[in-house]
Amino acid sequence: MDAQFKPALVEKAIYDFWEKNGYFTAKVDKQKQAFCIILPLPNANGSLHLGHAMFVHEDLMIRYHKIIGDETLWQLGLDHAGFETQYVYEKYLRKQGKSRFDFDRETLYQNIWQFVTDNKGNIKNQMRRLGFALDWSKEKFTLDPDIVQIVYQTFTKLHDAGLLYRANRLVNYCTRDGTSFSDLEVVDQEKEGTLYFIKYPLAGGGFITVATTRPETMFGDVAVMVNPKDKRYAKLVGQKVQLPLTKRIIPIIADPYVDQKFGTGAVKVTPAHDFNDFEIGKKHSLAFICVIGFDGRMQNTGIVDGLKVLPAREQTLKLLQEKGLVEKSAPHKMVAKTCYRCGNILELLPLEQWYVRVRPLVDKAKELVDKGEIKVYPKRFVRRLDMILDNFIDWNISRQVVWGIRIPAWQCAGCHEWIITAGEKPAKCSKCGSTNLQQDSDTFDTWFSSAQWPFATLRASHNEEFYDYFYPTSVMETGHDILRAWVARMIMIDYFITGKVPFKNVFLHGMVRDAKGQKMSKSKGNVIDPLIMVDKYGADALRAALIFGTKEGGDVVLSEQKIIGMRNFANKIWNIGRFIDMHISVIPSAAEGSLNAHLKTKLRDSSAPTLTVQNDSEKTLKQLNKEFKDIKKKYTRYMKGYRFSSAFDLVYHYLWHRYADYYIEQLKESLRNGNIKALEVLEQVYFETLAMLHPFIPFVTEAVWQQFHGVNSSILNYEKDMATEKR
RNA sequence: GGAGCCGUAGCUCAGUUGGCUAGAGCGUUACAUUGACAUUGUAAAGGUCACAGGUUCAAGUCCUGUCGGCUCCACCA
């Protein structure tokens, strides 16, 4: 054995050994307990970042369960990541001086398919480098035909249950990217804005002043509104106002929604471009005038048509000022809803979309969590999940992107009826019989398919027995940042379809931060590339650094220094093995009779001094055994309680600072004198410790194991091998 | 406005039914080293556990309040 553990030399060979010998391949084995984790879908087009590296939590659970003898499945899946991927592809097109509008739908889809196919291998190989024990033989992609079929069926089942409807509502729309978003995909950003006070002429003379941050939307105003309790305006309610510039006549109405203290206490009502105004508009049966188009340009104004929103605002203000209708303006902190991808300020535009009625699904999900049918770790996230479920609003699942699963709904050109199928084009309209049917051009929100992933992936391409064995899955492990977008929706949808929970436990990990506790971002330049770290220090070092000294569910502070510290630990493990190995090689053959099975096989001829069985170290060995028994107990308790950091920390300190620093030092002299008993105990405890550490740092533990047991042996068989040896 | 988390060594953090002298990693200092490992070992320095009350035989841990930081949700004309 070398004086140092060199990860780069062994990692690939060890990984290939595991993969090729089927250590990761799951099968139904009713003699064993099933343990299944569904990998949170990485983007098929993406490459590995530290967020993915946190899946090491899943790997360690899988490996732990493999070692204790469970039948494990870590189900691999890749996401088409609809808008996300199309966005990246469009950027790629732009570099070539092209845009998506240069292609028809079918060609664009095929091009992106190719683009994704070309890149799919990256993330998979990167996950291999981290040592992930994924079942590669069961890889699924969200656009696999069998998955798509299941997604269609879910859509129709929601429809049949009355949980699906189409509605014309205001949606968050990015005019740059050309698609709508659900409320969860919107990023609020504080902006310095201006509040303008604009005088609206009263029909009977005089003015009423309204305060607004968006004067350009005044062309879509349909009323001016005040609080009914507001004495200042009591006499004006019911009167008419002339919209400045256009002279259109609108009423003054009263509604308690208005805050008397804000601005002038009078507010313009623009139902087509503001959520609250939209509601007010419905309540008071007001008209609906849309003055911003999907291209982000003004329309129907007769004055600033064709201008983009910001120039239109300036132009409108200029015209108002010329007429002396701008009373004043004041700086105003406002929150802008922006596109999470491109940062563009989103417009609220009326668009007909498919919505999932979530209330019944949410109520059931809450019940499942409250009853403990789904347990959440760390516990504090139960509250968060509850709150998330309480606040869920109906889910807009339509997206105006090409890259995705096209919605299986057709509209009759004649009677405008919508017909929903499980994928196939309907022969004729079910209402009027027309054959002129047009398929919805929209695709599903990516989360709609990922929400079905646990059952969809286990049902697709597997038989019923396989599905029954592994579903419900054991643990859903993911970042707490997608509790809402993903975890909550899986519970809702999957229970609706299968009548069972998708997973029995949820374990949430935190975000990775830099050495100063700051978020990692490209602009800050503090991003750590996991693969570079693996190259430099080995996968074990990176993995351990993500677990060591953290709190379950808390953020992980990562630095290169920390990774180096863990690399040192891997080396320590290696050298303990080397130490034992060196002593085995000098065991005199005369001792053969008293050796345990393993030592016998390792026995080598040597010219070492004559054996002297010593009892001087008996007390130390007794103490060692007792202490180790206690460590094992604690370890199991921690592992079962999802306290992985504590488990790792425990064994780390035991092996390094008790086993090596204390016991080995105590026994060194005795070993030199040929104390076989001490060597046996040290070896046995060492192997057991390796097995405990293996889930966290699989490579070094396997490398050492194979040094002792041969390259065809694996520590993943530890329990089985030990059981055989005992017999 | 509602909720959650956090404040412990120079830095980053553990400390889960309240219980010996409060820990780790990194950093710092001194010493050791030819025989497992310098990616090492031994030892040291360094803490009013944010602050103020309370419960208790006993509080870093439980309760109340204050201050400071972070996050989520709602609202924002």
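The shown structure was predicted, so the numbers you read here are calculated from the model rather than taken from an experiment. The sequence lines fix the lettering, A, B, ..., with proteins before strands; numbering per chain opens at 1. When reading the values below, keep in mind they use all heavy atoms of this one structure, side chains included, and skip hydrogens, waters and symmetry mates.
- Counting any heavy atom pair closer than 4.0 Å across all strands shown, A/Phe5 reaches no nucleic acid atom.
- Here A/Arg578 reaches the OP1 or OP2 of B/rC37: one of its side-chain N or O atoms lies under 4.0 Å away.
- Residue-level contact check: A/Tyr257 touches the backbone only, with heavy atoms under 4.0 Å from sugar-phosphate atoms and none from bases.
- Closest to the side chain of A/Met387, from the set B/rU12, B/rC37, B/rG2, is B/rG2.
- Rounded to a whole angstrom, the distance from the C1' atom of B/rU12 to that of B/rG53 is 31 Å.
- Relative to the side chain of A/Arg643, the nucleotides B/rU16, B/rC26, B/rA36 differ in distance, and B/rU16 lies closest.
- One C1' atom belongs to B/rG35, the other to B/rU28, and the distance between them is 31 Å to the nearest Å.
- Between the CH2 atom of A/Trp486 and the P atom of B/rC72 there is a distance of 20 Å, given to the nearest Å.
- If you check every strand for non-hydrogen atoms under 4.0 Å, A/Gly549 touches sugar and phosphate atoms only.
- For the residue pair A/Lys191/A/Thr338, the side-chain donor-acceptor check at 3.5 Å is not satisfied.
- Applying ring pair (Phe, Tyr, Trp, His ring centres under 6.0 Å) to A/Phe644 and the options A/Phe507, A/Phe548, A/Tyr64, A/Tyr377 leaves one that passes, A/Phe507.
- Straight-line distance between the C1' atoms of B/rG68 and B/rC26: roughly 26 Å, to the nearest whole Å.
- Contact annotation for A/Leu195: backbone-only contact, meaning every heavy-atom pair under 4.0 Å involves sugar-phosphate atoms and none involves a base.
- If you check distances only, the side chain of A/Glu665 does reach the base of B/rA36 with a donor-acceptor pair under 3.5 Å.
- Heavy-atom nearest nucleotides on RNA chain B were determined for A/Gly577 and for A/Ser645, and the one closer to the 5' end corresponds to A/Ser645.
- Side-chain N/O atoms of A/His657 include one lying less than 4.0 angstrom from OP1 or OP2 on B/rG25.
- Both distances falling under 3.5 Å, in either a Watson-Crick or a G-U wobble arrangement, place B/rC51 opposite B/rG65.
- Across all strands shown, B/rG25 forms a Watson-Crick or G-U wobble pair with B/rC11, both key distances being under 3.5 Å.
- Minimum interatomic distance between A/Val241 and A/Leu202 (heavy atoms only, all atoms of both residues): CG2-CD2, 3.9 Å.
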Given salt bridge (charged side-chain N to carboxylate O under 4.0 Å, His left out), test A/Arg484 with A/Asp183 step by step and report yes or no.
CA-CA 11 Å; A/Arg484 191 169 146 87; A/Asp183 54 311; 3.5 Å; yes
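- Summarising the geometry, the separation between CD on A/Gln4 and C1' on B/rU39 is reported as 6 Å, rounded to the nearest angstrom.
- Closest to the side chain of A/Lys551, out of B/rC37, B/rA36, B/rG15, is B/rG15.
- Nucleotide B/rC72 forms a Watson-Crick or G-U wobble pair with B/rG2, both donor-acceptor distances falling under 3.5 Å.
- Of all nucleotides listed (B/rU39, B/rA36, B/rC70), B/rA36 comes nearest to the side chain of A/Lys668.
- Here the side chain of A/Asp661 is nearest to one of B/rG41, B/rU39, B/rU16, namely B/rG41.
- Comment: A/Lys366 engages A/Asp390 in a salt bridge, judged by a side-chain N to carboxylate O separation of less than 4.0 angstrom.
- Considering only the side chain of A/Phe548, B/rG25 comes nearest among B/rC73, B/rG25, B/rC13.
- Between A/Lys519 and A/Arg484, it is A/Lys519 whose nearest contact on RNA chain B lies nearer the 5' terminus.
- With hydrogens and angles left out, the side-chain atoms of A/Glu688 and A/Gln684 include a donor and acceptor closer than 3.5 Å.
- B/rC75 atom C1' lies 18 Å from atom CD of A/Gln189, rounded to whole Å.
- Note on A/Trp656: a side-chain N or O is less than 4.0 Å away from OP1 or OP2 of B/rG41.
- Comparing the P positions of B/rG18 and B/rC75 gives an interatomic distance of 40 Å, to the nearest angstrom.
- Nucleotides B/rU21 and B/rG25 have their P atoms positioned 22 Å apart, rounded to a whole Å.
- With A/Arg313 contributing its side chain and A/Glu216 its backbone, the two residues share no donor-acceptor pair below 3.5 Å.
- Distance from the side chain of A/Asn568 is smallest to B/rU40 among B/rA24, B/rU40, B/rC73.
- When Watson-Crick and G-U wobble pairs are counted only if both distances are under 3.5 Å, B/rU17 pairs with no nucleotide at all.
- One can place OH of A/Tyr662 at 13 Å from P of B/rU42, the figure rounded to the nearest angstrom.
- The nucleotide B/rA36 finds no pairing partner, because no Watson-Crick or G-U wobble arrangement with both distances shorter than 3.5 Å includes it.
- Out of B/rG27, B/rU71, B/rG35, the shortest distance to the side chain of A/Arg672 is found at B/rG35.
- For the pair A/Arg513 CZ and B/rC70 P, the interatomic distance rounds to 10 Å; values are reported in whole Å.
- Across the protein-nucleic acid pair, A/Phe579 atom CZ and B/rA36 atom P stand 6 Å apart, rounded to whole Å.
- Applying the Watson-Crick and G-U wobble criteria (two distances, each under 3.5 Å), B/rA59 pairs with nothing in any strand.
- Rounding to whole angstrom units, CZ of residue A/Arg384 and P of B/rC73 are separated by 8 Å.
- Separation of the C1' atoms belonging to B/rU40 and B/rU48 is 37 Å when rounded to the nearest angstrom.
- Picking from B/rA36, B/rC26, B/rU16 the nucleotide with the shortest atom distance to the side chain of A/Glu552 gives B/rU16.
- The base-pairing partner of B/rU42, taking Watson-Crick or G-U wobble contacts with both distances under 3.5 Å, is B/rA30.
- Contacts of A/Val210 with the nucleic acid, taken as non-hydrogen atoms under 4.0 Å apart, are absent.
- Residue A/Lys572 places a side-chain atom within donor-acceptor reach of the base of B/rC37, judged by atom type and a 3.5 Å distance cut-off alone.
- Side-chain contact check for A/Glu327 and A/Tyr196: no donor-acceptor pair (N or O, by modelled atom type) lies under 3.5 Å.
- Nucleotides B/rC6 and B/rA44 place their P atoms 32 Å apart, quoted to the nearest Å.
- In terms of heavy atoms, A/Leu558 sits closest to A/Val512 at CB-CG1, 4.0 Å.
- The CG-P distance, from A/Asp581 to B/rC37, rounds to 13 Å in whole Å.
- Between B/rG4 and A/Arg383, a contact under 4.0 Å exists linking OP1 or OP2 to a side-chain N or O.
- Going from the C1' atom of B/rA74 to that of B/rU61 covers 33 Å, rounded to whole Å.
- A salt bridge is absent between A/Glu347 and A/Lys337; no separation between the charged side-chain nitrogens and carboxylate oxygens falls under 4.0 Å.
- Among the protein residues, A/Val335 comes within range of the nucleic acid bases, having at least one heavy atom under 4.0 Å from a base atom.
- When heavy atoms are screened at a 4.0 angstrom cut-off, A/His480 is found touching no nucleic acid atom at all.
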